[in-house]
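I have placed the structure first, in the form of C-alpha coordinates, so that the comments after it can refer back to it.
A note on names: the letters A, B, ... follow the listed sequences, proteins ahead of strands, and every chain is numbered from 1.
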2 protein chains.
Amino acid sequence: MTPENATPDAPAPGTAPDAPAPGTAPDAQRPGGRTARVRAAVLRAAEDALVEVGFAGLDLGDLARRAEVGRTTVYRRWGSTGALMADLLADMAEQSLPRARTGSLRDDLRANARLVARTLADPRQGALFRAVLVAATCDEAAAEALHRFYLVRVAEWAPCVADAVERGELPPDTDPFEVVRAVSAPLYYRMLTTGDPLDEAAADRAADAAEAAARAGAYRRA
Amino acid sequence: MTPENATPDAPAPGTAPDAPAPGTAPDAQRPGGRTARVRAAVLRAAEDALVEVGFAGLDLGDLARRAEVGRTTVYRRWGSTGALMADLLADMAEQSLPRARTGSLRDDLRANARLVARTLADPRQGALFRAVLVAATCDEAAAEALHRFYLVRVAEWAPCVADAVERGELPPDTDPFEVVRAVSAPLYYRMLTTGDPLDEAAADRAADAAEAAARAGAYRRA
DNA sequence: CCGTTAACGGGACTCTTGTTCCGTTAAGAT
DNA sequence: ATCTTAACGGAACAAGAGTCCCGTTAACGG
(Lines give C-alpha, C1' and ligand atoms only; values in the text may rest on other atoms or scores of the structure.)
Protein backbone atom coordinates (compact mmCIF):
# COMPACT_ATOMS: atom_id res chain seq x y z
CA MET A 1 0.00 0.00 0.00
CA THR A 2 2.33 2.70 1.20
CA PRO A 3 5.34 3.17 -1.05
CA GLU A 4 8.31 2.53 1.16
CA ASN A 5 7.30 0.43 4.14
CA ALA A 6 5.75 -2.32 2.03
CA THR A 7 6.89 -5.78 2.97
CA PRO A 8 9.88 -6.31 0.70
CA ASP A 9 9.09 -9.98 0.20
CA ALA A 10 5.60 -9.33 -1.12
CA PRO A 11 5.14 -11.82 -3.94
CA ALA A 12 3.46 -10.91 -7.18
CA PRO A 13 0.36 -13.03 -7.83
CA GLY A 14 0.55 -15.76 -10.41
CA THR A 15 3.33 -14.48 -12.59
CA ALA A 16 5.75 -16.28 -14.85
CA PRO A 17 9.16 -15.02 -15.94
CA ASP A 18 9.57 -13.15 -19.17
CA ALA A 19 9.59 -16.22 -21.39
CA PRO A 20 7.33 -18.76 -19.67
CA ALA A 21 9.07 -21.81 -21.14
CA PRO A 22 7.17 -25.04 -20.45
CA GLY A 23 9.90 -26.57 -18.30
CA THR A 24 10.86 -23.63 -16.08
CA ALA A 25 11.48 -23.83 -12.36
CA PRO A 26 8.24 -24.04 -10.33
CA ASP A 27 8.00 -20.82 -8.32
CA ALA A 28 9.65 -18.33 -5.97
CA GLN A 29 11.62 -16.05 -8.23
CA ARG A 30 13.16 -12.76 -7.25
CA PRO A 31 10.84 -10.65 -5.10
CA GLY A 32 13.56 -8.41 -3.70
CA GLY A 33 14.05 -4.64 -3.62
CA ARG A 34 13.27 -3.37 -7.08
CA THR A 35 10.35 -5.69 -7.71
CA ALA A 36 8.70 -4.74 -4.42
CA ARG A 37 9.28 -1.06 -5.11
CA VAL A 38 7.60 -1.36 -8.48
CA ARG A 39 4.66 -3.23 -7.02
CA ALA A 40 4.15 -0.66 -4.28
CA ALA A 41 4.36 2.23 -6.73
CA VAL A 42 1.86 0.65 -9.11
CA LEU A 43 -0.63 -0.29 -6.38
CA ARG A 44 -0.42 3.23 -5.02
CA ALA A 45 -0.98 4.63 -8.50
CA ALA A 46 -3.89 2.24 -8.96
CA GLU A 47 -5.54 3.60 -5.82
CA ASP A 48 -5.15 7.15 -7.04
CA ALA A 49 -6.50 6.29 -10.46
CA LEU A 50 -9.47 4.37 -9.04
CA VAL A 51 -10.43 7.33 -6.91
CA GLU A 52 -10.19 9.69 -9.87
CA VAL A 53 -11.65 7.71 -12.75
CA GLY A 54 -13.10 4.54 -11.22
CA PHE A 55 -12.51 0.97 -12.28
CA ALA A 56 -14.11 1.35 -15.68
CA GLY A 57 -11.74 4.16 -16.59
CA LEU A 58 -8.67 2.30 -15.44
CA ASP A 59 -5.89 2.12 -18.02
CA LEU A 60 -2.73 0.16 -17.40
CA GLY A 61 -0.74 2.52 -19.60
CA ASP A 62 -1.85 5.49 -17.55
CA LEU A 63 -0.97 3.59 -14.38
CA ALA A 64 2.55 3.01 -15.62
CA ARG A 65 2.95 6.73 -16.24
CA ARG A 66 1.66 7.61 -12.75
CA ALA A 67 3.92 5.05 -11.12
CA GLU A 68 6.85 6.10 -13.30
CA VAL A 69 7.32 2.54 -14.42
CA GLY A 70 7.58 0.97 -17.85
CA ARG A 71 4.29 0.23 -19.52
CA THR A 72 5.54 -3.20 -20.47
CA THR A 73 6.21 -4.03 -16.84
CA VAL A 74 2.64 -3.38 -15.79
CA TYR A 75 1.20 -5.41 -18.64
CA ARG A 76 3.57 -8.29 -17.98
CA ARG A 77 3.15 -8.50 -14.21
CA TRP A 78 -0.61 -8.08 -14.00
CA GLY A 79 -1.87 -8.35 -17.53
CA SER A 80 -5.41 -7.23 -16.76
CA THR A 81 -7.07 -4.69 -14.52
CA GLY A 82 -8.87 -7.53 -12.75
CA ALA A 83 -5.65 -9.23 -11.72
CA LEU A 84 -4.29 -5.95 -10.47
CA MET A 85 -7.41 -5.37 -8.37
CA ALA A 86 -7.02 -8.82 -6.86
CA ASP A 87 -3.49 -7.90 -5.86
CA LEU A 88 -4.64 -4.57 -4.45
CA LEU A 89 -7.37 -6.27 -2.42
CA ALA A 90 -4.90 -8.72 -0.96
CA ASP A 91 -2.87 -5.71 0.09
CA MET A 92 -5.93 -3.96 1.58
CA ALA A 93 -6.93 -7.04 3.57
CA GLU A 94 -3.79 -6.68 5.66
CA GLN A 95 -4.86 -3.28 6.96
CA SER A 96 -8.02 -4.03 8.94
CA LEU A 97 -8.61 -1.83 11.93
CA PRO A 98 -9.10 -3.63 15.26
CA ARG A 99 -12.66 -4.14 16.46
CA ALA A 100 -14.28 -2.22 19.33
CA ARG A 101 -14.48 -3.65 22.86
CA THR A 102 -16.97 -1.50 24.71
CA GLY A 103 -18.50 -4.38 26.67
CA SER A 104 -21.94 -3.55 25.25
CA LEU A 105 -23.30 -5.19 22.10
CA ARG A 106 -25.20 -2.08 21.18
CA ASP A 107 -22.15 0.14 21.37
CA ASP A 108 -19.89 -2.35 19.61
CA LEU A 109 -22.29 -2.65 16.70
CA ARG A 110 -22.70 1.10 16.54
CA ALA A 111 -18.96 1.53 16.48
CA ASN A 112 -18.75 -0.91 13.59
CA ALA A 113 -21.60 0.76 11.70
CA ARG A 114 -20.07 4.19 12.13
CA LEU A 115 -16.70 2.95 10.95
CA VAL A 116 -18.27 1.48 7.83
CA ALA A 117 -20.37 4.57 7.18
CA ARG A 118 -17.41 6.87 7.62
CA THR A 119 -15.29 4.75 5.32
CA LEU A 120 -17.89 4.66 2.57
CA ALA A 121 -18.66 8.36 2.92
CA ASP A 122 -15.00 9.35 2.74
CA PRO A 123 -14.22 10.68 -0.73
CA ARG A 124 -11.10 8.63 -1.22
CA GLN A 125 -11.93 5.45 0.69
CA GLY A 126 -15.50 5.42 -0.58
CA ALA A 127 -14.46 5.72 -4.18
CA LEU A 128 -11.89 3.03 -3.65
CA PHE A 129 -14.44 0.63 -2.17
CA ARG A 130 -16.92 1.27 -4.94
CA ALA A 131 -14.24 0.65 -7.52
CA VAL A 132 -13.22 -2.56 -5.84
CA LEU A 133 -16.81 -3.79 -5.74
CA VAL A 134 -17.12 -3.04 -9.42
CA ALA A 135 -13.93 -4.93 -10.17
CA ALA A 136 -15.25 -7.95 -8.30
CA THR A 137 -18.34 -8.13 -10.49
CA CYS A 138 -16.17 -7.95 -13.61
CA ASP A 139 -13.34 -10.32 -12.79
CA GLU A 140 -13.36 -13.72 -11.13
CA ALA A 141 -9.95 -13.35 -9.45
CA ALA A 142 -10.92 -9.96 -8.06
CA ALA A 143 -14.18 -11.44 -6.76
CA GLU A 144 -12.34 -14.13 -4.83
CA ALA A 145 -9.95 -11.58 -3.39
CA LEU A 146 -12.91 -9.42 -2.39
CA HIS A 147 -14.62 -12.33 -0.63
CA ARG A 148 -11.45 -13.01 1.32
CA PHE A 149 -11.20 -9.33 2.19
CA TYR A 150 -14.71 -9.20 3.64
CA LEU A 151 -14.20 -12.49 5.42
CA VAL A 152 -11.23 -10.95 7.21
CA ARG A 153 -13.16 -7.82 8.11
CA VAL A 154 -16.23 -9.65 9.34
CA ALA A 155 -14.13 -12.12 11.31
CA GLU A 156 -12.45 -9.21 13.09
CA TRP A 157 -15.80 -7.97 14.44
CA ALA A 158 -17.61 -11.26 14.95
CA PRO A 159 -16.20 -11.66 18.50
CA CYS A 160 -18.27 -8.66 19.58
CA VAL A 161 -21.34 -10.73 18.85
CA ALA A 162 -19.87 -13.94 20.24
CA ASP A 163 -19.13 -12.14 23.50
CA ALA A 164 -22.72 -10.91 23.66
CA VAL A 165 -23.91 -14.47 23.21
CA GLU A 166 -21.57 -15.48 25.99
CA ARG A 167 -23.06 -12.80 28.23
CA GLY A 168 -26.53 -14.13 27.46
CA GLU A 169 -27.65 -11.05 25.54
CA LEU A 170 -28.44 -13.07 22.41
CA PRO A 171 -29.81 -16.56 21.72
CA PRO A 172 -27.06 -19.16 22.15
CA ASP A 173 -27.04 -20.40 18.55
CA THR A 174 -26.75 -16.92 17.00
CA ASP A 175 -24.39 -16.74 14.00
CA PRO A 176 -21.98 -13.88 14.80
CA PHE A 177 -20.89 -13.46 11.18
CA GLU A 178 -24.45 -12.95 9.99
CA VAL A 179 -25.07 -10.29 12.61
CA VAL A 180 -21.95 -8.35 11.62
CA ARG A 181 -22.96 -8.58 7.97
CA ALA A 182 -26.44 -7.38 8.85
CA VAL A 183 -24.91 -4.18 10.23
CA SER A 184 -23.05 -3.35 7.01
CA ALA A 185 -25.68 -4.48 4.53
CA PRO A 186 -28.08 -1.52 4.77
CA LEU A 187 -25.20 0.92 4.46
CA TYR A 188 -23.90 -0.65 1.28
CA TYR A 189 -27.42 -0.95 -0.08
CA ARG A 190 -28.06 2.70 0.59
CA MET A 191 -24.82 3.73 -1.06
CA LEU A 192 -25.62 1.78 -4.19
CA THR A 193 -29.33 2.28 -4.70
CA THR A 194 -30.06 5.75 -3.35
CA GLY A 195 -28.16 8.99 -3.30
CA ASP A 196 -28.82 9.48 0.40
CA PRO A 197 -25.89 10.40 2.62
CA LEU A 198 -24.28 7.85 4.93
CA ASP A 199 -24.43 9.79 8.16
CA GLU A 200 -24.28 8.71 11.78
CA ALA A 201 -28.04 8.43 11.99
CA ALA A 202 -28.04 5.89 9.19
CA ALA A 203 -25.21 4.00 10.85
CA ASP A 204 -26.90 3.87 14.22
CA ARG A 205 -30.16 2.74 12.68
CA ALA A 206 -28.36 -0.06 10.86
CA ALA A 207 -26.68 -1.18 14.08
CA ASP A 208 -29.87 -0.99 16.13
CA ALA A 209 -31.86 -2.90 13.53
CA ALA A 210 -29.28 -5.68 13.44
CA GLU A 211 -29.26 -5.86 17.21
CA ALA A 212 -33.05 -6.00 17.44
CA ALA A 213 -33.24 -8.73 14.82
CA ALA A 214 -30.49 -10.68 16.55
CA ARG A 215 -32.25 -10.46 19.91
CA ALA A 216 -35.42 -11.74 18.25
CA GLY A 217 -33.46 -14.75 17.02
CA ALA A 218 -33.39 -13.89 13.32
CA TYR A 219 -29.77 -14.99 12.95
CA ARG A 220 -29.87 -18.38 14.65
CA ARG A 221 -28.12 -21.12 12.75
CA ALA A 222 -30.09 -23.75 10.81
CA MET B 1 -37.47 -3.95 -23.84
CA THR B 2 -38.91 -6.65 -26.03
CA PRO B 3 -38.34 -5.97 -29.72
CA GLU B 4 -41.84 -5.67 -31.13
CA ASN B 5 -44.27 -4.67 -28.39
CA ALA B 6 -42.23 -1.71 -27.24
CA THR B 7 -44.19 1.48 -26.89
CA PRO B 8 -43.74 3.13 -30.29
CA ASP B 9 -43.60 6.58 -28.80
CA ALA B 10 -40.69 5.82 -26.54
CA PRO B 11 -38.52 8.92 -26.62
CA ALA B 12 -34.75 8.76 -26.77
CA PRO B 13 -33.12 10.46 -23.78
CA GLY B 14 -31.49 13.82 -24.24
CA THR B 15 -30.56 13.65 -27.90
CA ALA B 16 -29.95 16.37 -30.41
CA PRO B 17 -30.35 16.03 -34.18
CA ASP B 18 -27.37 15.25 -36.36
CA ALA B 19 -26.02 18.78 -36.33
CA PRO B 20 -26.96 20.29 -32.96
CA ALA B 21 -27.10 23.89 -34.18
CA PRO B 22 -27.33 26.38 -31.32
CA GLY B 23 -30.72 27.72 -32.34
CA THR B 24 -32.62 24.51 -33.10
CA ALA B 25 -36.15 23.76 -31.99
CA PRO B 26 -36.36 22.82 -28.30
CA ASP B 27 -37.34 19.12 -28.23
CA ALA B 28 -39.70 16.43 -29.49
CA GLN B 29 -38.33 15.38 -32.80
CA ARG B 30 -39.36 12.24 -34.64
CA PRO B 31 -39.79 9.32 -32.30
CA GLY B 32 -41.92 7.24 -34.68
CA GLY B 33 -41.57 3.73 -36.11
CA ARG B 34 -38.00 3.33 -37.20
CA THR B 35 -36.47 5.24 -34.31
CA ALA B 36 -38.39 3.20 -31.77
CA ARG B 37 -37.46 -0.02 -33.55
CA VAL B 38 -33.79 0.88 -33.43
CA ARG B 39 -34.00 1.79 -29.78
CA ALA B 40 -35.70 -1.47 -28.87
CA ALA B 41 -33.20 -3.52 -30.86
CA VAL B 42 -30.22 -1.79 -29.27
CA LEU B 43 -31.57 -2.03 -25.71
CA ARG B 44 -32.27 -5.70 -26.27
CA ALA B 45 -28.75 -6.20 -27.61
CA ALA B 46 -27.39 -4.29 -24.64
CA GLU B 47 -29.11 -6.69 -22.25
CA ASP B 48 -27.64 -9.66 -24.06
CA ALA B 49 -24.19 -8.14 -24.08
CA LEU B 50 -24.35 -7.18 -20.40
CA VAL B 51 -25.24 -10.73 -19.47
CA GLU B 52 -22.40 -12.13 -21.55
CA VAL B 53 -19.54 -9.70 -20.96
CA GLY B 54 -20.72 -7.34 -18.21
CA PHE B 55 -20.67 -3.57 -18.21
CA ALA B 56 -16.91 -3.27 -18.35
CA GLY B 57 -16.75 -5.32 -21.53
CA LEU B 58 -19.49 -3.36 -23.23
CA ASP B 59 -18.60 -2.05 -26.67
CA LEU B 60 -20.95 0.16 -28.62
CA GLY B 61 -19.61 -1.17 -31.92
CA ASP B 62 -20.37 -4.74 -30.89
CA LEU B 63 -23.84 -3.63 -29.80
CA ALA B 64 -24.51 -2.19 -33.22
CA ARG B 65 -23.53 -5.50 -34.81
CA ARG B 66 -25.80 -7.46 -32.46
CA ALA B 67 -28.73 -5.11 -33.07
CA GLU B 68 -28.03 -5.03 -36.82
CA VAL B 69 -27.86 -1.29 -36.71
CA GLY B 70 -25.29 1.18 -37.97
CA ARG B 71 -22.38 1.79 -35.62
CA THR B 72 -22.72 5.51 -36.19
CA THR B 73 -26.32 5.44 -35.02
CA VAL B 74 -25.45 3.96 -31.66
CA TYR B 75 -22.63 6.41 -31.07
CA ARG B 76 -24.79 9.34 -32.08
CA ARG B 77 -27.88 8.47 -30.09
CA TRP B 78 -26.26 7.37 -26.86
CA GLY B 79 -22.65 8.39 -27.16
CA SER B 80 -21.45 6.56 -24.07
CA THR B 81 -22.22 3.29 -22.37
CA GLY B 82 -23.37 5.20 -19.31
CA ALA B 83 -26.05 7.08 -21.21
CA LEU B 84 -27.23 3.85 -22.75
CA MET B 85 -27.51 2.23 -19.32
CA ALA B 86 -29.57 5.16 -18.11
CA ASP B 87 -31.94 4.61 -21.00
CA LEU B 88 -32.07 0.88 -20.30
CA LEU B 89 -32.84 1.51 -16.64
CA ALA B 90 -35.68 3.85 -17.53
CA ASP B 91 -37.05 1.04 -19.65
CA MET B 92 -36.63 -1.51 -16.85
CA ALA B 93 -38.40 0.73 -14.34
CA GLU B 94 -41.60 0.34 -16.33
CA GLN B 95 -41.68 -3.40 -15.76
CA SER B 96 -42.05 -3.73 -12.01
CA LEU B 97 -44.04 -6.71 -10.86
CA PRO B 98 -47.00 -5.97 -8.59
CA ARG B 99 -46.51 -6.40 -4.85
CA ALA B 100 -47.95 -9.24 -2.78
CA ARG B 101 -51.16 -8.86 -0.78
CA THR B 102 -51.26 -11.79 1.58
CA GLY B 103 -52.72 -9.84 4.47
CA SER B 104 -49.78 -10.82 6.68
CA LEU B 105 -46.68 -8.65 7.01
CA ARG B 106 -44.48 -11.69 7.46
CA ASP B 107 -45.69 -13.33 4.27
CA ASP B 108 -45.61 -10.12 2.26
CA LEU B 109 -42.02 -9.46 3.24
CA ARG B 110 -41.06 -13.05 2.54
CA ALA B 111 -42.67 -12.82 -0.88
CA ASN B 112 -40.64 -9.71 -1.60
CA ALA B 113 -37.42 -11.25 -0.32
CA ARG B 114 -37.92 -14.38 -2.39
CA LEU B 115 -38.63 -12.34 -5.49
CA VAL B 116 -35.45 -10.35 -5.02
CA ALA B 117 -33.40 -13.46 -4.28
CA ARG B 118 -34.77 -15.30 -7.28
CA THR B 119 -34.08 -12.32 -9.52
CA LEU B 120 -30.51 -11.92 -8.36
CA ALA B 121 -29.85 -15.66 -8.51
CA ASP B 122 -31.21 -15.95 -12.04
CA PRO B 123 -28.31 -16.16 -14.50
CA ARG B 124 -29.68 -13.58 -16.88
CA GLN B 125 -31.48 -11.22 -14.51
CA GLY B 126 -28.75 -11.42 -11.92
CA ALA B 127 -26.02 -10.57 -14.40
CA LEU B 128 -28.13 -7.73 -15.70
CA PHE B 129 -28.63 -6.27 -12.24
CA ARG B 130 -24.96 -6.56 -11.39
CA ALA B 131 -24.05 -4.83 -14.63
CA VAL B 132 -26.51 -2.05 -13.96
CA LEU B 133 -25.13 -1.50 -10.47
CA VAL B 134 -21.67 -1.28 -11.95
CA ALA B 135 -22.83 1.24 -14.51
CA ALA B 136 -24.32 3.39 -11.78
CA THR B 137 -21.02 3.64 -9.96
CA CYS B 138 -19.27 4.66 -13.18
CA ASP B 139 -21.70 7.14 -14.68
CA GLU B 140 -23.71 9.93 -13.07
CA ALA B 141 -26.68 9.69 -15.42
CA ALA B 142 -26.87 5.94 -14.92
CA ALA B 143 -26.73 6.46 -11.15
CA GLU B 144 -29.71 8.80 -11.22
CA ALA B 145 -31.65 6.39 -13.39
CA LEU B 146 -30.81 3.59 -10.98
CA HIS B 147 -32.02 5.61 -7.99
CA ARG B 148 -35.31 6.24 -9.76
CA PHE B 149 -35.56 2.57 -10.61
CA TYR B 150 -35.20 1.47 -6.98
CA LEU B 151 -37.52 4.22 -5.81
CA VAL B 152 -40.21 2.77 -8.08
CA ARG B 153 -39.58 -0.75 -6.87
CA VAL B 154 -39.54 0.15 -3.19
CA ALA B 155 -42.64 2.31 -3.56
CA GLU B 156 -44.47 -0.64 -5.08
CA TRP B 157 -43.91 -2.73 -1.94
CA ALA B 158 -44.08 -0.05 0.73
CA PRO B 159 -47.87 -0.37 1.07
CA CYS B 160 -47.37 -3.85 2.52
CA VAL B 161 -45.66 -2.20 5.45
CA ALA B 162 -48.06 0.73 5.58
CA ASP B 163 -50.95 -1.73 5.80
CA ALA B 164 -49.24 -3.54 8.67
CA VAL B 165 -48.88 -0.23 10.48
CA GLU B 166 -52.55 0.37 9.83
CA ARG B 167 -53.38 -3.00 11.35
CA GLY B 168 -51.36 -2.13 14.42
CA GLU B 169 -48.63 -4.72 13.75
CA LEU B 170 -45.89 -2.11 13.71
CA PRO B 171 -45.21 1.17 15.55
CA PRO B 172 -47.31 3.97 14.01
CA ASP B 173 -44.37 6.12 12.85
CA THR B 174 -42.58 3.28 11.06
CA ASP B 175 -41.02 4.29 7.72
CA PRO B 176 -42.34 1.77 5.17
CA PHE B 177 -39.61 2.51 2.64
CA GLU B 178 -36.86 1.76 5.10
CA VAL B 179 -38.42 -1.57 6.00
CA VAL B 180 -38.67 -2.63 2.37
CA ARG B 181 -35.07 -1.61 1.80
CA ALA B 182 -34.03 -3.56 4.88
CA VAL B 183 -35.40 -6.71 3.25
CA SER B 184 -33.32 -6.35 0.11
CA ALA B 185 -30.13 -5.04 1.67
CA PRO B 186 -28.75 -8.30 3.08
CA LEU B 187 -29.39 -10.07 -0.20
CA TYR B 188 -27.48 -7.52 -2.24
CA TYR B 189 -24.72 -7.45 0.35
CA ARG B 190 -24.40 -11.20 0.22
CA MET B 191 -24.31 -11.21 -3.56
CA LEU B 192 -21.52 -8.65 -3.63
CA THR B 193 -19.28 -9.59 -0.73
CA THR B 194 -19.55 -13.38 -0.46
CA GLY B 195 -19.94 -16.15 -2.99
CA ASP B 196 -22.77 -17.72 -1.00
CA PRO B 197 -25.93 -18.70 -2.89
CA LEU B 198 -29.09 -16.62 -2.66
CA ASP B 199 -31.53 -19.35 -1.71
CA GLU B 200 -34.94 -19.25 -0.08
CA ALA B 201 -33.43 -19.68 3.37
CA ALA B 202 -31.39 -16.50 2.89
CA ALA B 203 -34.47 -14.69 1.60
CA ASP B 204 -36.64 -15.74 4.50
CA ARG B 205 -33.99 -14.79 7.00
CA ALA B 206 -33.69 -11.35 5.44
CA ALA B 207 -37.45 -10.87 5.60
CA ASP B 208 -37.74 -12.12 9.16
CA ALA B 209 -34.87 -9.95 10.35
CA ALA B 210 -36.43 -6.87 8.80
CA GLU B 211 -39.77 -7.69 10.37
CA ALA B 212 -38.25 -8.25 13.81
CA ALA B 213 -36.32 -4.98 13.63
CA ALA B 214 -39.42 -3.14 12.46
CA ARG B 215 -41.50 -4.54 15.32
CA ALA B 216 -38.81 -3.41 17.72
CA GLY B 217 -39.16 0.11 16.33
CA ALA B 218 -35.81 0.30 14.52
CA TYR B 219 -37.33 2.01 11.50
CA ARG B 220 -39.30 4.78 13.18
CA ARG B 221 -38.94 8.20 11.60
CA ALA B 222 -36.91 11.03 13.13
C1' DC C 1 -49.55 11.99 -52.73
C1' DC C 2 -45.47 14.91 -52.27
C1' DG C 3 -41.82 17.61 -50.00
C1' DT C 4 -38.99 18.43 -46.05
C1' DT C 5 -35.76 16.91 -42.98
C1' DA C 6 -34.81 13.90 -38.78
C1' DA C 7 -32.57 9.91 -38.33
C1' DC C 8 -30.01 6.07 -40.28
C1' DG C 9 -25.75 3.76 -42.31
C1' DG C 10 -21.33 2.94 -44.82
C1' DG C 11 -16.53 4.01 -45.10
C1' DA C 12 -12.39 6.49 -44.24
C1' DC C 13 -9.64 8.40 -40.60
C1' DT C 14 -7.38 9.03 -35.91
C1' DC C 15 -6.06 7.99 -31.45
C1' DT C 16 -5.76 4.87 -27.82
C1' DT C 17 -4.93 0.25 -25.98
C1' DG C 18 -2.42 -3.86 -25.67
C1' DT C 19 1.50 -6.94 -27.62
C1' DT C 20 6.11 -8.20 -29.17
C1' DC C 21 11.05 -7.74 -29.53
C1' DC C 22 15.19 -7.00 -27.65
C1' DG C 23 18.68 -4.51 -25.15
C1' DT C 24 19.63 -2.93 -20.11
C1' DT C 25 19.59 -3.10 -15.09
C1' DA C 26 20.11 -5.00 -10.71
C1' DA C 27 18.82 -9.10 -7.28
C1' DG C 28 20.70 -13.03 -5.41
C1' DA C 29 24.14 -16.74 -5.34
C1' DT C 30 29.05 -18.11 -5.17
C1' DA D 1 34.01 -8.94 -6.48
C1' DT D 2 31.86 -11.54 -10.22
C1' DC D 3 28.48 -14.20 -12.68
C1' DT D 4 23.84 -15.53 -13.89
C1' DT D 5 19.46 -14.37 -15.04
C1' DA D 6 14.87 -12.42 -13.29
C1' DA D 7 12.80 -8.40 -13.99
C1' DC D 8 12.63 -3.83 -16.01
C1' DG D 9 11.97 -0.40 -19.92
C1' DG D 10 12.02 1.71 -24.62
C1' DA D 11 10.39 1.40 -29.35
C1' DA D 12 8.04 -0.43 -33.04
C1' DC D 13 3.87 -2.80 -34.25
C1' DA D 14 -1.07 -4.54 -34.64
C1' DA D 15 -5.79 -4.22 -33.28
C1' DG D 16 -9.75 -1.92 -32.07
C1' DA D 17 -12.59 1.89 -30.28
C1' DG D 18 -14.61 6.25 -31.27
C1' DT D 19 -15.28 10.30 -34.71
C1' DC D 20 -16.28 12.58 -39.04
C1' DC D 21 -18.16 13.12 -43.58
C1' DC D 22 -21.63 12.58 -46.61
C1' DG D 23 -25.03 10.04 -49.21
C1' DT D 24 -29.59 7.38 -48.31
C1' DT D 25 -33.96 6.22 -46.07
C1' DA D 26 -38.32 6.95 -44.14
C1' DA D 27 -41.22 9.74 -40.53
C1' DC D 28 -44.41 13.32 -40.32
C1' DG D 29 -46.83 17.56 -42.07
C1' DG D 30 -49.45 19.55 -45.67
(message) Does D/dT19 have its OP1 or OP2 closer than 4.0 Å to a side-chain nitrogen or oxygen of B/Tyr75?
(response) no
(request) From the options D/dG18, D/dG9, C/dG9, select the nucleotide whose nearest atom is closest to the side chain of B/Thr72. (result) C/dG9
(request) Taking atom CZ of A/Arg101 as the centre, report whether more than 12 heavy atoms of other residues, nucleotides or ligands fall under 6.0 Å from it. (result) no
(message) With a 4.0 Å limit, can you tell me whether A/Thr73 has a side-chain N or O closer than that to the phosphate oxygens OP1/OP2 of D/dG9?
(response) yes
(request) For the residue pair B/Tyr189 and A/Leu187, establish whether any side-chain heavy-atom pair is separated by less than 4.5 Å. (result) no
(message) Side chain of A/Arg34 only, heavy atoms from C-beta on: which candidate in C/dG9, D/dC8, C/dG18 is closest?
(response) D/dC8
(request) Round to a whole Å and report the spacing from CG of A/Leu63 to P of C/dT17. (result) 12 Å
(request) With the side chain of B/Arg71 defined as its heavy atoms from C-beta on, choose the nearest nucleotide among C/dA27, D/dT19, C/dT17. (result) D/dT19
(request) Flag the pair B/Met85 / B/Val132 as yes when at least one side-chain heavy-atom distance between them is below 4.5 Å, and no otherwise. (result) yes
(request) Counting Watson-Crick and G-U wobble pairs only, both distances under 3.5 Å, name the nucleotide matched with D/dG30, or none. (result) C/dC1
(request) Quickly work out the B/Glu68 CD to C/dC8 C1' distance and round it to whole Å. (result) 15 Å
(request) Using atom CG of B/Asp59 as one end and atom P of D/dA17 as the other, report the distance to the nearest whole Å. (result) 4 Å
(message) Any carboxylate oxygen within less than 4.0 angstrom of a Lys/Arg side-chain nitrogen, looking at B/Arg153 and B/Glu156?
(response) no
(request) May I have the distance from A/Arg37 (atom CZ) to C/dA27 (atom C1'), rounded to whole angstrom? (result) 10 Å
(message) Starting the side chain at C-beta, find the nucleotide from C/dG18, D/dC8, C/dA27 nearest to A/Thr35.
(response) D/dC8
(message) Distance check needed: D/dA17 C1' versus B/Trp78 CH2, whole Å only.
(response) 18 Å
(request) For the pair A/Arg65 and A/Asp62, find out whether any cationic side-chain nitrogen is under 4.0 Å from an anionic carboxylate oxygen. (result) yes
(request) Between C/dC8, D/dA17, D/dC8, spot the one nearest the side chain of B/Arg76, thanks. (result) C/dC8
(message) In whole Å, I'd like the distance from the CG atom of A/Leu60 to the P atom of C/dT19.
(response) 9 Å
(request) Ignoring backbone atoms, establish whether B/Arg77 has a side-chain N or O less than 4.0 Å from OP1 or OP2 of C/dC8. (result) yes
